[in-house]
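Worth saying up front: this structure is predicted, and the values here are computed from it rather than measured.
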Amino acid sequence: VAPAQHELAPIYAECNVAVDHNQLIMETLKKVAGRHGLQCLLHEKPFAGVNGSGKHDNWSITTDDGINMLEPGKTPHDNVQFLLVLTCMLKAIDEHAALLRAAAADVGNDHRLGANEAPPAILSIYLGDQLGDVLNQLIATGTATHSLKGEKLETGVKTIPDFMKDATDRNRTSPFAFTGNKFEFRMVGSRDSISACNVVLNTITAEVFKEACDRLEKAPDFELAVHDLIKEYATDHQKIVFNGNGYAPEWDSVLSNMFFDFCCFRKNNKKLQTDIIYYRIISMEKQQNMPSGYEKNRKIIGKYQSFH
């Protein structure tokens with residue numbers, strides 16, 4: 001949407017490979033531009049008054065035999081495995097929103113987020129009409145009995161046939177949206193590595209999975225325990241879900257009910273005493289290096305850039 005701005009859509013790959021590919025792409029863009037006497041600007045907000053740039057991190061989780069655990073199927077309301085994984089994700093994002101937000105924080109990106117050209121700077125999850133309705137059923141009655149179907153999308157052009165609208169839809173104003181069979185984290189800055197956000201996503205998900213497994217493995221009635229756990233997670237963490245327009249006035253009323261303490265790294269680091277040492281490494285790095293580095297970059301950029 002900005003002059004000479006282009007979008008790249010890489011093919012899906014496993015997390016480590018995708019992170020490396022992303023770094024190679026950025027390096028290649030800079031090198032090729034230089035060969036032609038041009039500059040490739042990866043900065044999130046290089047010019048005032050012109051839309052900036054960012055990355056969308058499409059994230060899903062599969063079993064070792066290739067089953068996507070975020071695949072809802074045609075009837076997500078009776079897909080117990082999917083509902084358990086979905087509500088675990090609600091819990092993970094709700095409890096660690098500040099850390100995931102920090103994983104996408106830098107001077108340029110923080111100026112872009114929430115500026116009516118990118119997702120809001122506060123985390124929320126978009127589920128769409130279909131899953132939003134299923135979640136409401138779970139909260140209200142403890143059981144979901146049906147799933148909304150996609151509506152017919154009328155184009156208004158007689159020569160083009162009408163077709164069914166995707167029931168999950170796509171909300172471009174959401175920072176963390178469910179899109180079909182994956183989540184899309186849209187807060188990452190255009191010049192940043194996608195490694196930090198994926199480390200956080202993988203680790204907080206693993207933590208919640210561990211908690212759920214510990215409870216379910218000890219349950220005398222597994223099916224009843226799964227049912228109760230899904231309802232509990234859906235009820236306790238529904239506040240993280242927002243299916244509206246992130247640029248609309250209604251978002252302000254949502255913010256009044258949400259609070260994120262961005263100085264919570266030490267608390268989270270103590271809570272996640274798991275075998276995943278990468279979380280502890282990144283959280284310690286953020287604690288020690290991020291404040292000073294952030295402030296230095298802010299001062300440097302401020303000398304050469306007029307922020308609006």
Side-chain angles (χ1 to χ4, degrees), residues 59-63 67-73 75-101 122-148 168 171 174-185 200-244 254 257-261 264 267-268 271-274 276 279:
W59 182 90
S60 62
I61 182 168
T62 62
T63 62
I67 298 176
N68 185 356
M69 300 180 73
L70 285 174
E71 176 58 61
T75 55
H77 65 278
D78 59 13
N79 188 336
V80 177
Q81 176 179 283
F82 168 75
L83 293 178
L84 179 59
V85 172
L86 178 68
T87 51
C88 282
M89 290 302 303
L90 298 185
K91 175 179 170 66
I93 301 301
D94 186 28
E95 293 184 345
H96 299 289
L99 184 63
L100 187 57
R101 169 65 181 87
I122 301 297
L123 259 295
S124 67
I125 296 178
Y126 174 84
L127 294 179
D129 294 338
Q130 185 183 62
L131 295 185
D133 179 67
V134 170
L135 187 70
N136 290 336
Q137 294 179 57
L138 291 171
I139 295 171
T141 66
T143 304
T145 58
H146 64 275
S147 300
L148 297 177
T168 63
N171 185 333
S174 172
F176 197 78
F178 184 81
T179 55
N181 59 2
K182 56 184 171 57
F183 278 104
E184 190 172 346
F185 183 50
V200 172
L201 281 171
N202 292 343
T203 307
I204 64 178
T205 302
E207 182 210 28
V208 177
F209 279 5
K210 181 180 182 299
E211 292 178 4
C213 289
D214 289 344
R215 287 181 54 176
L216 295 176
E217 288 172 356
K218 299 175 183 178
D221 187 332
F222 181 81
E223 292 187 3
L224 179 61
V226 170
H227 173 274
D228 292 344
L229 190 61
I230 291 174
K231 184 179 188 302
E232 176 187 325
Y233 283 0
T235 302
D236 292 348
H237 302 286
Q238 59 181 306
K239 63 181 181 296
I240 196 68
V241 177
F242 178 66
N243 286 325
V254 175
N257 297 319
M258 302 172 71
F259 176 75
F260 298 110
D261 180 6
C264 69
K267 177 184 69 177
N268 283 345
K271 182 178 180 182
L272 287 179
Q273 296 294 333
T274 68
I276 308 174
Y279 175 88

Distance-only, no hydrogens or angles: does the Asp133 side chain make a donor-acceptor pair with backbone N or O of Asp129 under 3.5 Å? no
If only atom types and distance count, is the side chain of Asn181 paired as donor or acceptor with the main-chain N or O of Leu70 below 3.5 Å? no
Tell me every residue that passes ring-ring contact (aromatic ring centres under 6.0 Å, His included) with Phe209, counting only those two or more places apart in sequence or in another chain. none
How would you list, by chain and number, every residue that makes a ring-ring contact (aromatic ring centres under 6.0 Å, His included) with Tyr233, sequence neighbours excluded? none
Checking side-chain contact (heavy atoms from CB on, under 4.5 Å) for the pair Ile230/Val80: CA distance, chi angles, key distance, verdict? CA-CA 9 Å; Ile230 291 174; Val80 177; 4.1 Å; yes
In terms of relative ring orientation, are Phe176 and Phe183 parallel, tilted or perpendicular, with 30° and 60° separating the classes? parallel
Rounded to the nearest 0.5 Å, how far apart are NZ of Lys231 and OG1 of Thr87? 12.0 Å
State, with a plain yes or no, whether a side-chain heavy atom of Met89 is found less than 4.5 Å away from one of Thr205. yes
So do the side chains of Phe178 and Val241 get within less than 4.5 Å of each other, counting heavy atoms only? no
Walk me through it: do Val134 and Leu86 pass the test side-chain contact (heavy atoms from CB on, under 4.5 Å)? CA-CA 11 Å; Val134 170; Leu86 178 68; over 6 Å; no
Less than 4.0 Å between a side-chain N and a carboxylate O, is that true for Lys239 and Asp94? yes
Got a salt bridge between Asp214 and Lys210, using NZ or NE/NH1/NH2 to carboxylate O under 4.0 Å? yes
